[in-house]
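Scroll down for the structure; my scribbles are underneath it.
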Amino acid sequence: MNTLSQNNIMVEVKNLKMYFPITRGLLQRKIGDIKAVDDVSFEIKKHETLGLVGESGCGKTTTGRCILRLYQPTAGDIIFNGTNISKLPEGKVRPLRRAMGAIFQDPFGSLNPRQTAGSIVADPLKIHNIVKPSEVNDMVADLFRMVGLDPSMMDRVPHEFSGGQRQRLGVARALACKPALVVCDEPISALDVSIQAQIINLLEDLQEKLGLTYLFIAHDLSVVQHISNRVAVMYLGRIVEIADSDELYENPRHPYTQALLSAVPVPDPFIEETRQRIVLKGEVPSPANPPSGCHFHPRCQIAIPDCSKIRPELKDIGNGHRVACIRV
């Protein structure tokens with residue numbers, strides 16, 4: 001038996017890098033790289049939800065797409081259920097993709113407007129030969145019921161659904177091949193607040209019922225706290241802190257995590273009025289030209305000269321709480 005299985009780890013990401021080349025001129029000469037993901041390591045345990053948070057453009061979605069092997073990583077290893085998929089050719093990745101699902105941010109943009117809802121959910125079943133052709137319709141009807149949609153809607157096209165129903169359709173498609181891992185890429189950020197809670201509850205119910213493992217990518221920290229077992233905080237292509245959800249929210253140690261959490265509204269008006277907000281100076285640097293040393297040092301309140309020279313490693317400070325900061 002593989003040691004990773006014994007350790008109850010489904011996905012292990014080691015030193016992952018995803019660089020996109022910057023080209024110029026008629027001959028498309030390469031002049032640099034956009035370092036979207038820059039040496040990231042973490043693991044996702046079976047049946048848990050790992051929240052991945054950070055500002056827009058920090059590399060969250062790129063990380064998720066590398067794990068799904070929608071992108072071929074520049075460097076590093078992605079070990080999924082004991083198999084290193086980072087350098088596998090496309091033909092060998094395809095059978096493994098049956099065990100992975102993806103829910104995308106924009107429910108309308110991720111659905112083919114010319115297909116019926118039933119055929120959208122049926123596509124993965126046909127592509128991977130999950131069931132006999134005669135059983136496809138029954139399987140699709142079951143998936144519709146599982147996500148709270150009426151099977152009578154199977155003949156409708158996406159524009160006839162509301163935003164929340166379209167996202168339920170996306171969830172049904174993601175679950176069609178009975179995946180073990182589902183990458184949820186900001187699945188509720190395009191929805192009304194009233195619908196967001198319904199989709200979160202649906203995802204939690206499905207996880208319990210089907211034993212799913214989630215990578216939940218988001219920038220809404222209060223939602224991530226609600227749904228995640230552990231949370232990883234990303235800044236400019238690197239993970240700066242990772243810990244159990246309660247531990248991270250009660251005891252954030254990295255200056256960037258502290259700044260992020262200080263911006264989350266608190267329902268208690270007295271606490272909201274008296275607590276200190278941390279306002280970061282400057283703008284997020286470009287991933288094409290990131291700062292030396294710690295990427296966060298130009299905006300950090302506690303930075304010292306060494307911060308611009310030393311690249312901090314993720315170090316364990318106890319109870320699996322890891323922080324990448326030389327000041328902690």
Side-chain angles (χ1 to χ4, degrees), residues 2 4-5 8-14 16-18 20 36-37 40 42-50 52 59-107 109-112 115 117-133 135-136 139-140 142-144 146-147 167-187 203 206-207 209-217:
N2 190 287
L4 284 173
S5 303
N8 202 30
I9 292 173
M10 179 168 285
V11 180
E12 190 172 13
V13 176
K14 294 180 180 174
L16 178 68
K17 293 182 181 180
M18 186 68 222
F20 296 99
V37 179
V40 159
F42 61 90
E43 65 284 323
I44 308 172
K45 297 170 186 169
K46 288 179 181 173
H47 312 310
E48 82 161 348
T49 300
L50 176 72
L52 187 58
K60 308 184 297 291
T61 294
T62 305
T63 301
R65 292 188 174 192
C66 286
I67 290 172
L68 292 167
R69 264 303 305 273
L70 298 176
Y71 292 152
Q72 169 79 53
T74 307
D77 296 312
I78 300 161
I79 299 159
F80 176 67
N81 269 343
T83 304
N84 191 340
I85 64 168
S86 57
K87 296 174 183 69
L88 283 181
E90 183 59 34
K92 291 190 175 176
V93 172
R94 194 170 173 179
L96 291 167
R97 279 221 185 95
R98 280 182 55 171
M100 304 175 187
I103 303 167
F104 299 101
Q105 178 174 359
D106 179 6
S110 66
L111 303 173
N112 186 336
Q115 273 187 289
S119 66
I120 286 170
V121 177
D123 274 350
L125 300 173
K126 294 173 182 173
I127 290 165
H128 292 286
N129 297 316
I130 304 287
V131 291
K132 295 174 189 166
E135 295 170 0
V136 168
M139 181 81 171
V140 171
D142 287 344
L143 286 161
F144 267 57
M146 191 185 287
V147 299
Q167 196 57 292
R168 286 175 189 269
L169 201 55
V171 174
R173 178 180 57 185
L175 298 179
C177 294
K178 298 182 179 173
L181 171 74
V182 180
V183 175
C184 309
D185 185 9
E186 307 218 18
L203 291 173
L206 291 169
Q207 182 174 37
K209 188 175 174 184
L210 305 174
L212 298 170
T213 302
Y214 290 145
L215 173 64
F216 193 89
I217 298 166

N81 vs K46, side chain to side chain contact (heavy atoms under 4.5 Å, CB included): CA-CA, chis, key distance, verdict: CA-CA 10 Å; N81 269 343; K46 288 179 181 173; 4.0 Å; yes
Derivation and outcome, side chain to side chain contact (heavy atoms under 4.5 Å, CB included), residues L210 and M146: CA-CA 11 Å; L210 305 174; M146 191 185 287; 3.9 Å; yes
Chi angles and distances behind the side chain to side chain contact (heavy atoms under 4.5 Å, CB included) call for E90, R97: CA-CA 10 Å; E90 183 59 34; R97 279 221 185 95; 2.8 Å; yes
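Summarising the geometry of G64 relative to I217, their closest heavy-atom pair is CA-CD1, 4.1 Å, with the distance given to 0.1 Å. Among all heavy-atom pairs drawn from P73 and R69, the shortest one is CD-CD, 4.0 Å. Here the closest heavy-atom approach between residue Q207 and residue T49 is recorded as NE2-OG1, 3.0 Å. The minimum heavy-atom distance between T213 and I44, with the atom names listed, is CG2-CG2, 3.5 Å. Pairing each heavy atom of P124 with each of I130, the nearest pair is O-CG1, 4.1 Å. Among all heavy-atom pairs drawn from L96 and F80, the shortest one is O-CE2, 4.1 Å.
Taking CD1 of I67 as the reference point, atom CG of L52 lies at 8.0 Å (rounded to 0.5 Å). One distance of note links OG1 of T63 with CZ of F42; it measures 6.0 Å at 0.5 Å rounding. From E43, atom CD reaches atom CE of M10 across 13.5 Å, with rounding to the nearest 0.5 Å. Note that OH of Y71 is 13.0 Å distant from CD1 of I78, once rounded to the nearest 0.5 Å. The NZ atom of K209 sits 10.0 Å away from atom CG of L175, with the distance rounded to the nearest 0.5 Å. In this structure, the separation between NE2 on H128 and SG on C177 is 4.5 Å, given to the nearest 0.5 Å.
In this structure, S86 contributes its side chain and G76 its backbone to a donor-acceptor pair below 3.5 Å. Between the side chain of Q115 and the backbone N or O of N112 there is no donor-acceptor pair closer than 3.5 Å. Side-chain atoms of R65 never come within 3.5 Å of backbone atoms of L70 as a donor-acceptor pair (strictly under, hydrogens ignored).
Taking the side chain as every heavy atom from C-beta outward, L206 and Y214 approach each other to under 4.5 Å. Residues L169 and F144 meet the side-chain proximity criterion, which asks for heavy atoms closer than 4.5 Å. Between I103 and Q167 there is a side-chain heavy-atom pair separated by less than 4.5 Å. The closest side-chain heavy-atom distance from L212 to H47 is not below 4.5 Å. Within the 4.5 Å cutoff, side-chain heavy atoms of R173 are placed close to those of L111. Taking 4.5 Å as the limit, every side-chain heavy atom of V182 sits out of range of all side-chain heavy atoms of V171. Within the 4.5 Å cutoff, no side-chain heavy atoms of E135 are placed close to those of L125. Residues V37 and K17 are not in side-chain contact: their nearest non-hydrogen atoms beyond the backbone lie 4.5 Å or more apart.
Within 6.0 Å of NZ in K87 there are more than 12 heavy atoms belonging to other residues, nucleotides or ligands.
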